[in-house]
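Below is one structure, written out as structure tokens; comments come after it.
Along the sequence shown, residues are numbered consecutively beginning with 1. Counting convention: from 1, in listed order, for ligands and their atoms alike.
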Amino acid sequence: MRCQVAIIGGGPSGLLLSQLLHRAGIDTVVLERQSRDYVLSRIRAGVLEWGTVEMLREAGVGARMDAEGFPHDGTYLACRNEGFRIDFKDLVGKQVMVYGQTEVTRDLYEARDQMDGKVIHGVEGVVIHGADTDAPHVTYTLDGTEHRLDCDWVAGCDGFHGVSRQTIPDTVLKEFKRVYPFGWLGILSETKPVSEELIYAQHSRGFALCSMRNAHLSRYYVQVPLTDKVEQWSDDAFWDELKRRIPAEAAESIETGPSIEKSIAPLRSFVAEPMKWGRLFLVGDAAHIVPPTGAKGLNLAVSDVHYLYHALVQAYQGDDHGVTHYSEQALARVWKSERFSWSMTGLLHRFPDRGDFEARMQEAELDYLQHSRVAQMSLAENYVGLPY
Ligand SMILES: Cc1cc2nc3c(=O)[nH]c(=O)nc-3n(C[C@H](O)[C@H](O)[C@H](O)COP(=O)(O)OP(=O)(O)OC[C@H]3O[C@@H](n4cnc5c(N)ncnc54)[C@H](O)[C@@H]3O)c2cc1C
């Protein structure tokens with residue numbers, strides 16, 4: 001088989017890249033290890049930057065998001081059980097959209113079906129060959145038979161544990177990482193969200209977040225030690241802990257109910273450089289991970305797709321500038337989002353290895369944020385997403 005761009009990974013970044021390139025007349029094949037149902041069952045991100053919203057519209061997959069998503073003009077931060085609001089619209093004239101990653105992925109799969117896009121599920125043993133030559137190819141096994149896919153370029157959209165990053169030699173690749181000494185215990189419950197906007201709460205017992213997917217589906221998180229296991233946390237224990245950490249008014253009015261999903265996610269910051277090796281590009285989680293505190297993971301994947309999509313379109317028009325400089329261009333934005341996610345994590349979590357002085361520093365910073373329009377503008381500008 002032959003195509004112009006072989007895409008490894010059918011998560012949001014691989015599907016979006018495939019959809020945009022197809023609309024520009026560039027032929028792709030997406031190779032995905034899991035089944036479609038498995039990919040669609042993953043509960044992950046929920047907050048879209050406005051640049052992401054516009055990219056999804058540009059890809060022709062914005063209709064359901066525009067009808068069913070929730071534009072948010074601001075968010076709440078809380079400290080010592082009292083909250084204050086950051087008004088994005090007033091501060092920087094922009095919004096974010098609450099629309100789940102599962103829905104984004106579903107819309108992308110449907111759009112790929114409508115255009116007869118090639119997404120091959122259940123592939124095993126993907127190997128990228130000759131990425132540093134002018135004629136790369138990919139081999140994989142499907143139902144026990146080995147296949148070969150020849151291509152001009154390979155887009156590694158296969159997440160943190162994929163093969164693409166591992167294809168780049170150790171002598172070329174440099175990895176930067178920070179592992180945080182805690183995780184997030186998250187639940188999904190079919191209850192009315194406690195607030196119309198997200199509440200990020202800093203508390204001496206640890207961080208908490210009140211988020212949502214729609215008017216009847218809430219997503220809540222509490223910071224937990226990495227040693228905790230999901231089985232240790234009954235629904236009642238979760239709700240009790242959440243209520244202790246959020247503003248009193250929210251705790252009193254919160255609607256509780258059984259969880260329909262419960263999981264613990266570790267928090268880490270990670271960047272791999274460069275994001276291009278020969279004719280192989282790294283996109284999204286294959287190249288970088290952020291702690292979810294700044295709601296940047298999915299949005300960063302989309303901004304990588306933005307740069308790569310435009311670079312490939314230019315390359316097929318005879319201009320190699322974009323593909324040559326993809327790594328520098330993408331990384332400049334990646335590092336700024338890494339910084340924001342790291343600083344939000346530092347501001348809002350309880351670090352077991354830090355003492356009372358650092359706790360006071362966090363409180364002072366939140367107090368400053370509450371009363372300084374300049375500080376709020378900086379947070380808002382980063383939260384809604386820096387320009388591409
Ligand atoms: C538990 C969890 C919770 C998260 N919560 C949030 C959040 O609240 N907010 C936020 O902004 N971000 C969150 N994220 C991050 C966000 O979901 C990711 O940034 C986003 O999914 C990145 O998209 P991607 O397409 O680059 O990678 P992925 O979504 O990881 O997709 C990669 C795809 O490649 C496939 N694949 C992997 N290896 C191979 C292979 N060898 N061959 C073929 N296919 C392969 C995988 O099956 C997968 O479908 C969360 C992530 C996780 C893991």
Side-chain angles (χ1 to χ4, degrees), residues 6-19 29-49 52 96-102 104-105 108-109 119-128 138-142 149 154-167 183-186 188 198 200 209 211-213 219-221 230 261-270 272 275 281-305 308 330 334 337-338 340-341 344-345 383 385:
I7 299 178
I8 321 290
S13 58
L15 294 171
L16 179 60
L17 182 64
S18 154
Q19 172 73 3
V29 172
V30 177
L31 301 175
E32 167 58 49
R33 189 171 54 180
Q34 305 287 357
S35 67
R36 181 188 291 210
D37 284 349
Y38 182 93
V39 175
L40 288 175
S41 68
R42 292 191 294 224
I43 308 293
R44 290 185 171 180
V47 179
L48 308 182
E49 294 176 351
T52 300
V96 292
M97 177 78 87
V98 171
Y99 189 64
Q101 177 168 334
T102 314
V104 171
T105 313
L108 283 164
Y109 270 127
V119 182
I120 304 175
H121 285 275
V123 302
E124 293 175 325
V126 169
V127 180
I128 301 163
V138 179
T139 54
Y140 60 94
T141 305
L142 183 66
L149 175 61
V154 181
C157 304
D158 49 356
F160 184 68
H161 300 288
V163 292
S164 301
R165 190 176 69 255
Q166 293 163 22
T167 303
W184 280 15
L185 168 67
L188 200 60
L198 277 72
Y200 287 84
L209 172 61
S211 182
M212 68 291 288
R213 290 296 181 266
R219 184 85 168 138
Y220 295 110
Y221 300 93
V230 175
E261 196 266 353
K262 194 188 285 170
S263 53
I264 295 182
L267 266 65
R268 67 163 88 83
S269 300
F270 173 88
M275 286 173 60
F281 305 98
L282 301 183
V283 182
D285 279 19
H288 40 73
I289 298 285
V290 284
T293 327
K296 291 290 169 233
L298 174 60
N299 292 302
L300 262 191
V302 172
S303 77
D304 291 350
V305 169
L308 184 55
V334 165
S337 292
E338 287 281 347
F340 179 66
S341 305
M344 285 284 279
T345 304
Y383 196 91

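Heavy-atom contacts of Val163 reach the following atoms of ligand 1: 41 (N) (cutoff under 4.0 Å). Applying the 4.0 Å criterion to heavy atoms of Ser13 picks out, from ligand 1, the atoms 24 (P), 25 (O), 26 (O). For ligand 1, the atoms lying closer than 4.0 Å to a non-hydrogen atom of Leu298 are 11 (O), 12 (N), 16 (C), 19 (O). In summary, the atoms of ligand 1 found under 4.0 Å from a heavy atom of Lys296, numbered by their order in the structure, are 11 (O). Of all the atoms in ligand 1, the ones that sit under 4.0 Å from a non-hydrogen atom of Gly284 are 26 (O). Numbered from 1 in the order shown, with element, the atoms of ligand 1 that lie under 4.0 Å from a heavy atom of Leu31 read 43 (C), 44 (N). If you number the atoms of ligand 1 from 1 as listed, the ones under 4.0 Å from a heavy atom of Gly162 come out as 38 (N). Under a 4.0 Å criterion applied to the non-hydrogen atoms of Gly159, ligand 1 contributes the atoms 27 (O), 30 (O), 32 (C).
Minimum interatomic distance between Gly186 and Tyr221 (heavy atoms only, all atoms of both residues): CA-CD2, 3.5 Å. Across all non-hydrogen atoms, the minimal contact from Leu198 to Met212 is CD1-SD, 3.8 Å. For the pair Gly10 and Tyr109, the tightest heavy-atom approach, listed with the atom from each and the gap, is O-OH, 3.1 Å.
Counting heavy atoms from C-beta on, the side chains of Val126 and Val138 come closer than 4.5 Å. Under the 4.5 Å side-chain criterion, counting only non-hydrogen atoms from C-beta, Arg36 is not in contact with Val119. Counting only heavy atoms from C-beta outward, the side chains of Leu48 and Val104 approach each other to under 4.5 Å.
Note on ligand 1: Arg219 sits outside its first shell, no heavy atom being nearer than 4.0 Å. Ligand 1 lies less than 4.0 angstrom from a heavy atom belonging to Glu32.
Checking Ser211, Gly10, Gly11 against atom 31 (O) of ligand 1, the nearest heavy atom belongs to Gly11. Counting only non-hydrogen atoms, the option in Gly183, Gly186, Gly297 that gets closest to atom 15 (C) of ligand 1 is Gly297. By heavy-atom distance, the residue among Arg33, Glu124, Arg42, Gln34 lying nearest atom 48 (C) of ligand 1 is Arg42.
The main-chain N or O of Ile8 is never found under 3.5 Å from a side-chain atom of Asp158 such that the two would form a donor-acceptor pair. Asn299 places a side-chain N or O within donor-acceptor distance of the main-chain N or O of Val47, the cut-off being under 3.5 Å. A donor-acceptor pair under 3.5 Å is absent between the side-chain atoms of Thr102 and the main chain of Arg44, judged by distance alone. No side-chain donor-acceptor contact under 3.5 Å links Lys296 to the backbone of Ile289. Side-chain N or O atoms of His121 include one that pairs as donor or acceptor with a backbone N or O of Gln34 at under 3.5 Å.
Atom-to-atom distance recorded for Phe281:CZ and Leu17:CG is 9.5 Å, nearest 0.5 angstrom.
Scanning all protein heavy atoms for the shortest distance to atom 7 (C) of ligand 1 gives Ala45 CA, 3.4 Å. For atom 1 (C) of ligand 1, the closest non-hydrogen atom on the protein side is Ala265 CB, 4.2 Å. Of all protein heavy atoms, the one closest to atom 30 (O) of ligand 1 is Arg44 NH1, 3.2 Å. The single protein non-hydrogen atom nearest to atom 19 (O) of ligand 1 is Asp285 OD1, 2.6 Å, given as residue, atom name and distance. Among protein heavy atoms, atom 42 (N) of ligand 1 sits closest to Val126 CG2, 3.7 Å. Counting protein heavy atoms only, atom 20 (C) of ligand 1 is closest to Gln101 NE2, 3.8 Å. Atom 39 (C) of ligand 1 has its closest protein heavy atom at Asp158 CB, 3.8 Å. Counting only heavy atoms of the protein, atom 23 (O) of ligand 1 lies nearest to Pro12 CG, 3.5 Å.
Taking the ring axis of Phe160 as reference, the NZ or CZ atom of Arg165 stays within 45° of it and closer than 6.0 Å to the ring centre.
Only backbone heavy atoms of Cys157 (N, CA, C or O) come within less than 4.0 Å of ligand 1; its side chain stays farther off. The proximity of Ala295 to ligand 1, defined as any non-hydrogen pair under 4.0 Å, is limited to the backbone.
At a threshold of 4.0 Å, the pair Glu261-Arg219 counts as salt-bridged, since one of the basic side-chain nitrogens sits closer than that to a carboxylate oxygen.
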